[in-house]
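A note on names: the letters A, B, ... follow the listed sequences, proteins ahead of strands, and every chain is numbered from 1. What you see is a predicted model; the values in this text were computed from it and never measured.
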Amino acid sequence: MYKCSANQIGIWILSLILISPIIVPIAQIFIPEGQIFEHLWQTVLPTYTLNTLIMIIGVCLLSAFFAIPSAWFMARCDIPGKKHLQWLLLLPLAMPSYVVAYIYTDLFDYAGPIQTALRNIFGWSSPNDYWFFDIRSLYGGILILSLALYPYLYLLARASFLEQSQNMVDVSRIHGCTPWSSFRRISLPLARPAIVVGLSLIAMETVADFATMNYFAINTLTTAVYDVWLGYGSLNAAAKIAAMVLLIIFVLLGIERISRRRQQQIQRSMGLDNLQKHKLKGWEKIGALSLCWFLVIFGFGLPFFILLEYAWNYWGNSWNQQFLLSTWHSLMIASIAALLTLLVAVIFGFVNRVYPGRLSRIPARISTMGYAMPGTILAVGVLIPLTVIDHCFNNVSEYFWNDHVGLILSGTIFAVIFAYVVRFSSISIGTIESSLSKLPENYDGASRTLGCPPLKMFITVHLPLIRKGCLVATLLVFIEAMKELPAVLLLRPFNFETLATTVFQYVSDEMLQYAALPAIILVLAGLIPLLIINRSLERSHS
Amino acid sequence: MNALSVKNISYAYGKTQILKNVSFDVSQDKIVCLLGASGCGKTTTLRTIAGLIKPSSGSIAIDGNTVFDYGTCMPPEKRGLGMVFQDHSLFPHLTVSGNIEFGIKHIAKKARQQRMFEMLELVQMPDVAKRYPHELSGGQQQRIAIARAMARQPKLMLLDEPFSNIDHQTRFQIIAKVKSIFKAQGVTAIFVTHNEDEASAFADRLVRFNQGEVCEATQFKT
């Protein structure tokens, strides 16, 4: 009965192209390779898997400790400076975690200013004289990633606490709950789905993290993909490890999707009313303020201040030809990726709108899975099919023209841009979908009965009305693409540097001071979407 | 010849049967009301006539031309209809003139503007061409929506609860105004409502719906 239109077939093909980098590592499981994977499995892989799991659990626990109380204070309590604190608490999200890691290592290492000052004050002369927290460890990694990632949970938990009905809290108070037990027995269980969504996002980011783990020499499955590829030169073994990471990601994605659905059900049953704010006093107030300011200062303020200082002192060395070139590269590939992902999102949006139904909805849904892919895994998934296509090109050209055309796709910025489109399409698809869903369906009926065929309707009615959504989608993808590191590190052509790879390169060479200027640009770019998100959150609760 | 002929239309959404063998005819220049409680299938019937929903079986003919049957499904833009919605659905990014001219872009600019002004005169709002929809009241928006639909000189006008968003005091004045326009222009129209008073004030004939079926057809005295 249901006829499939050419447009629907088109978006199925598009979505298959977009998820090919996810399918490829899974398909590699069934292809036999040499002894490398087996050898790794018998030696280091169990430890790497354990490290990955410890990182996930540790970062989730510490982030929950940071984010849930601070979200509660901002949503339901009255504390001094709240107006500014509620957006200041978001800022650490703009800091690439590896930059924070580099700065704190510089600060807390044996040769850093803190340990040096302590040695001078207490007269210690060697590491044997005292104990000091080792930042370059599994625990240091947990602390740094938690400081950088807790805002995901803070954002979702705060929104959930703000949406809870005052009536429910009142009822619990009448039934004998103190503010604390009302939080524990009512607010926290109601916010649980939102908290689980936040934690699963944090877990996915933790699994995906490459740069911080690499710098702290913490071996996880994600760093193993990079090492196996570059160290052993085995793309196949790397793909097999990538499939292991994907398994973890799929579990997390499943948890995230289910919790998101539960959150929507809870949201529907709650009305927005005026929330009464709990007034904190005495030790409660001091504790709340200490936690919030600790997060703002150590998650953003201090590292950003140090970056500014370095940038100021080393301006002459940083502002050079290489900086300008890498800025240009970043701007160029981020712009192309942003426009292409917008095009992808608009195509999905058009087909979904004009031919509603499961056949149109599923391709858009599966195409958004790329966002959960760690950059290193994505690089493996992109490179394998592109290499095959390149080999085909070369075979054909050699057969017909006796000429070798070289790497057309896999060794060029095409691979980088394709990876970006796969990874960031979900941002633009989500934004365009939500903009389109706000347009009444009767606009379609009105324009169709006024003689407009579907495509013309979409161009003359829908696109002008969702132009703001298009702009936001382009901007968000542009910024994310500016910051992306691991995928570009593995896929870029030789001597092709972006701002992120420049920062990574300088810091790997222990030259943090020269990395400050490009890092500041990345941080500033990261601040823009945070301000947009905060404004929209504020508007929806004002 | 009937302006519209609907024969045995059925439609299901998932496992729910929304329309069951709906049949009725509309004569030229008549206003017919589809009346019934919420969820009885009257709006779905209107949307199948417009071509916005594809029925599972039956046939629809407009002015004697089959627009839907087993082998035919003419897209909405080719059926030569005008449609007015409950929420007016004026395009917010276009001015009143842009909205009225939207469906007649194929006409030369001068003739198009002339038609636009004629329509504004017809709905007695000659001075609002440059305004945007949000600058108009609910009743004014409804009249512009009617002007937009009529600009194409449709063979048949479809109106989906067109007066329900207008306050009670001005509603019947607007109904009288729209009815006089339709009668003066010789427009054939089908309109959907759940309000008996609106139905008797506006329509020549009534088709009553109950749970997806036509249960009664009444002719009002004119």
Which pair of heavy atoms, one from B:Q124 and one from B:P126, lies closest together, and at what distance? C-CD, 3.5 Å

What are the two closest non-hydrogen atoms of A:T341 and A:S428, and how far apart are they?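 Result for this residue pair: O-OG, 3.1 Å.
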
Parallel, tilted or perpendicular, as decided by the 30° and 60° cut-offs, for the rings of A:F458 and A:H462: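 Aromatic pair A:H462/A:F458 classed parallel.
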
Once the angle between the rings of B:F191 and B:F202 is folded into 0 to 90°, is it parallel (under 30°), tilted (30 to 60°) or perpendicular (over 60°)? perpendicular

Between B:P92, B:G80, B:A50, which residue shows the highest count of heavy-atom pairs closer than 4.5 Å to chain A?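 Option with the top pair count is B:P92.
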
Counting heavy-atom pairs closer than 4.5 Å to chain A, which one of B:E77, B:R79, B:Q86 comes out on top?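 When all of B:E77, B:R79, B:Q86 are compared, B:E77 has the most.
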
Go through the structure and list residues passing ring pair (Phe, Tyr, Trp, His ring centres under 6.0 Å) with B:F85, not counting sequence neighbours.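 With neighbours one apart ignored, the set is empty.
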
Which residues pass the ring pair (Phe, Tyr, Trp, His ring centres under 6.0 Å) test with B:H88, not counting sequence neighbours? none

Let's test your reading of the structure: which of A:T449, A:V461, A:N442 forms the most heavy-atom pairs below 4.5 Å with chain B? A:N442

Which atoms of [X] come close to chain A, meaning under 4.5 Å heavy atom to heavy atom: side chain ones, backbone ones, both, or neither?
X	value
B:A151	neither
B:R47	side chain
B:R152	side chain
B:L81	backbone
B:L90	backbone

Taking atom CD of B:Q114 as the centre, report whether more than 12 heavy atoms of other residues, nucleotides or ligands fall under 6.0 Å from it.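 Open.
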
So, the part of A:P440 with a heavy atom under 4.5 Å from chain B: the answer is side chain

